[in-house]
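A quick write-up on the structure given underneath.
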Amino acid sequence: MSFQASLKLRRTWSLVALLAVAANAQAQRLAPIVYTISAPVPESHIAVVDAQVPTERKATIELMMPVWSPGFYRVEDYAGKVQDLSARTPDGAALIVEQPQKNRWRIHTGGAPVVVLSYRLLCTGRSVTTDWVGEDFGVFNGSATFITLAENARRPHEVRLTLPAQWPQSMTSLAAAPDGIANHYRADDYDTLNDSPILAGKLSVHEFTVAGSTHFLVDAGTLGEWDGALAARSVEQFVRANYAFWGFVPFRKYVFLNLFRQGGGGLEHLNSTLLTSRFSAGAPGGNLRWLNFVSHEYFHAFNVKRLRPVELGPFDYERPPSTTSLWVSEGLTSYYGELMVARSGLETPADYLASLSSHITSVQASPGRLVQTLDQSSLDVWTAGTSGVGQDPKTTVSYYEKGPIVGFLLDARIRRLTKGKRSLDDVMRLAYKRYSGRQGFTADQFRATAEEIAGTNLKDWFHRALASTEELDYAEALDWFGLRFAAGADAASQWKLEARPDATDAQKANLLGLVGVHMPGH
Ligand SMILES: [Zn+2]
């Protein structure tokens, strides 16, 4: 970025800060948009939405539906699922609706203080960003569900669910509405609403509390032999490891919305995650793969939902942002998601090394590592594939795979430079302290934070790891942790990490410092 552009950006940000203060005051007096969602015939996959939209007596109001979902780097056509959209006054007089863009609607209010917007949603999506309505449950994701005012204001949004008889309850991280009625929720602003998926239907709920924060594991779908209580106990373990790591839990309530259905993937949210899971017959409480997957999404509540690259928020739901820092937001989330499973005692150090080895094997087997840099992989996410998955390994490198490896190598470097006194853990905690929330970090600020902890300049190291296609150098990490690559003849075992049989006591201690159990009381 040029100096001019950076100046302009800074000016924009101070303006954003001013607007935020103004918007806070504004939220106190802005009337809410109130949505009523029903699914009278769930088998039809149709949801019916009515929204009461305040007009502030304007002659026309402009409404908007997002074209992407934060955290999921793909432009999607949510507006394409909207059917039979119409608007009327509260006493039923029809109003004129124009559609200047595919995802925008303009309503001539006729001077009414509130207009009632009605639309139907075709809910046949099984991804973590789309809506589903079916016999057993319904999933409502923010971007796919809520048409809102195109405005720059912190306006409250309320949701009232009218559930069909076969859906006994709903779960979401949203706060209860002031009316205290079941299945009525309220968000202070659209960002919160957008970031809080809602699951309704036949739900199996298990809860536990860590540091005063209640966590819910909510299972739905084809449960079969799934043991939700057992799974919740394992999830609680790595939640406690996160508490031990960060020293706090930044929410009072967190919800794991765990669906057993076709498809796959998970998406992080501010105080929840939406997961599409599978389980193998032998692991009714979740196998290590599932635990690593869920642990990744949970670590995201800290890393990306709160500690985030400056580009990733506040969001423009019609213009997707680009950043070079997905190696931090996704790569380090994978690194720590897996470490939290190890540090909570749910897996052995050898299990952990197997996960790390699979990342190394994947990168070292991909010719794209010599073509695309990690920075570029992050910048290209909107054009190169879906969220870094399914890209062409000949020309691209995945930040999900190379990111955690760079995390591991950087961690080893900091530990060696500080003789084991500091680590990447300290970088994450310091970065969180400085840049979480509305602030966000630039790539340079993240590097400077790492340099401060390491006590030395890391510019060349970062350049090689992030901005070049040079091969990664594993020697330092292998030496620090007393590891080696197994001397297998086949390609699959070539990059398999194992403890050296002749590792010194210091090396063994270094490895335990990384993957040993780190839990309160241990
Ligand atoms: Zn992720």
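Sequence positions, counted from 1, serve as the residue numbers for this chain. As a basis for the values below, the full set of heavy atoms in this structure was taken, side chains included, without hydrogen atoms, waters or symmetry mates.
With T145 as reference, L121 is the one residue of L193, T130, L121 to meet the side chain to side chain contact (heavy atoms under 4.5 Å, CB included) rule. Among L199, V218, D219, L275, the one residue that satisfies the side chain to side chain contact (heavy atoms under 4.5 Å, CB included) test with L259 is L199.
When only modelled atom types and interatomic distance are considered, D411 and Y335 share a side-chain donor-acceptor pair under 3.5 Å. With 3.5 Å as the limit, one finds a donor-acceptor pair spanning the side chains of D351 and T348. Between Y474 and Q364, the side chains place a donor N or O and an acceptor N or O closer than 3.5 Å (distance only, hydrogens not considered). No donor-acceptor contact under 3.5 angstrom links the side chains of D380 and Y399, judged on distance only. Side-chain contact, H359 with E338: a donor N or O sits under 3.5 Å from an acceptor N or O. Side-chain contact of S334 with H296: a donor-acceptor pair under 3.5 Å is present, judged by distance alone. Using modelled atom types, one finds a donor on one side chain and an acceptor on the other under 3.5 Å when comparing N194 with S143. Residues S325 and E311 have side chains that never bring a donor and an acceptor to within less than 3.5 angstrom of each other.
Pairing each heavy atom of V304 with each of H300, the nearest pair is CG1-ND1, 3.3 Å. Taking every heavy atom of both residues into account, P349 and V515 meet most closely at CB-CG2, 3.5 Å. Of all the heavy atoms in S127 and N141, the pair that sits closest is O-ND2, 4.5 Å. For the residue pair V363 and K402, the shortest heavy atom distance occurs at CG2-N, 3.6 Å. Here the closest heavy-atom approach between residue S329 and residue L312 is recorded as OG-CD1, 4.4 Å. When all heavy atoms of A477 and L409 are compared, the pair lying nearest together is CB-CD2, 3.7 Å.
With hydrogens and angles ignored, the 3.5 Å screen pairs no side-chain donor or acceptor of R429 with any backbone N or O of A431. Looking only at distances, a side-chain donor or acceptor of S357 sits under 3.5 Å from a matching main-chain atom of L353. Remark: the backbone N or O of G313 is paired with a side-chain donor or acceptor of R308 at under 3.5 angstrom. One N or O on the side chain of S378 and one on the backbone of L326 form a donor-acceptor pair closer than 3.5 Å. Between the T449 side chain and the Q445 main chain, a donor and an acceptor come within less than 3.5 Å of each other. A side-chain donor-acceptor contact under 3.5 Å links S295 to the backbone of G337.
Counting heavy atoms from C-beta outward, I360 and L497 have side chains that approach closer than 4.5 Å. Looking at heavy atoms from C-beta onward, N303 lies in side-chain contact with L332 at the 4.5 angstrom threshold. Side-chain contact between Y78 and N103 is absent, with no heavy-atom pair separated by less than 4.5 Å. Inter-residue side-chain proximity for V406 and L374 is flagged as met; some heavy-atom pair is nearer than 4.5 Å. Counting heavy atoms from C-beta on, the side chains of S196 and N271 never come closer than 4.5 Å. Considering only heavy atoms from C-beta on, L514 comes within 4.5 Å of R415 through its side chain. Y352 is listed as a side-chain neighbour of L356, based on a closest heavy-atom distance under 4.5 Å. Inter-residue side-chain proximity for F256 and S277 is flagged as unmet; no heavy-atom pair is nearer than 4.5 Å.
The existence of a salt bridge linking R343 and D425 is confirmed by a sub-4.0 Å separation between a basic side-chain nitrogen and an acidic carboxylate oxygen. Salt bridge status for D195 with K305: present, with a side-chain N to carboxylate O gap under 4.0 Å. Between R369 and E471, at least one side-chain nitrogen of the basic residue sits less than 4.0 Å from a carboxylate oxygen of the acidic one, meeting the salt-bridge criterion. In summary, D131 and K81 do not engage in a salt bridge, as defined by a charged side-chain N under 4.0 Å from a carboxylate O. Remark: R447 does not engage E452 in a salt bridge, criterion side-chain N to carboxylate O under 4.0 Å.
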With side chain to side chain contact (heavy atoms under 4.5 Å, CB included) as the criterion, how do M65 and V82 come out once you've worked through the C-alpha distance, each side chain's angles and the decisive distance to 0.1 Å?
CA-CA 10 Å; M65 198 167 198; V82 173; 3.6 Å; yes

One pair to check against side chain to side chain contact (heavy atoms under 4.5 Å, CB included): T148 and M64. What are the steps and the verdict?
CA-CA 5 Å; T148 188; M64 172 286 287; 3.7 Å; yes

Would V139 and I198 satisfy side chain to side chain contact (heavy atoms under 4.5 Å, CB included), going step by step from the backbone distance to the final call?
CA-CA 6 Å; V139 182; I198 301 169; over 6 Å; no

Steps toward side chain to side chain contact (heavy atoms under 4.5 Å, CB included) verdict (N292, S355):
CA-CA 9 Å; N292 278 317; S355 302; 3.8 Å; yes

Apply salt bridge (charged side-chain N to carboxylate O under 4.0 Å, His left out) to E451 and K459, showing your working.
CA-CA 8 Å; E451 289 173 334; K459 204 162 190 172; over 6 Å; no

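Note on ring orientation: taking the six-membered ring where Trp is involved, the planes of F441 and F446 are tilted (angle from 30° to 60°). Ring-plane geometry between F260 and W226 is classed as tilted, the angle between the planes lying from 30 to 60 degrees on a 0 to 90 degree scale. Ring-plane geometry between Y254 and F251 is classed as tilted, the angle between the planes lying from 30 to 60 degrees on a 0 to 90 degree scale. In this pair, F245 and F299 present their aromatic rings perpendicular. The plane angle is above 60°, beyond the 30 to 60° band.
We find the OG-CZ distance between S423 and R416 to be 15.5 Å, quoted to the nearest 0.5 Å. Rounding to the nearest 0.5 Å places CD of E401 at 9.5 Å from OG1 of T361. The structure places CG of L274 at 9.0 Å from OG1 of T129, a figure rounded to the nearest 0.5 Å.
For W495 and F485, the gap between ring centers is short of 6.0 Å.
Listed by chain and residue number, W68, V75, W382 satisfy the side chain to side chain contact (heavy atoms under 4.5 Å, CB included) test with P320 (two or more places apart in sequence, or in another chain).
Judged by the 6.0 Å and 45° rule, R306 forms no cation-pi pair with Y432.
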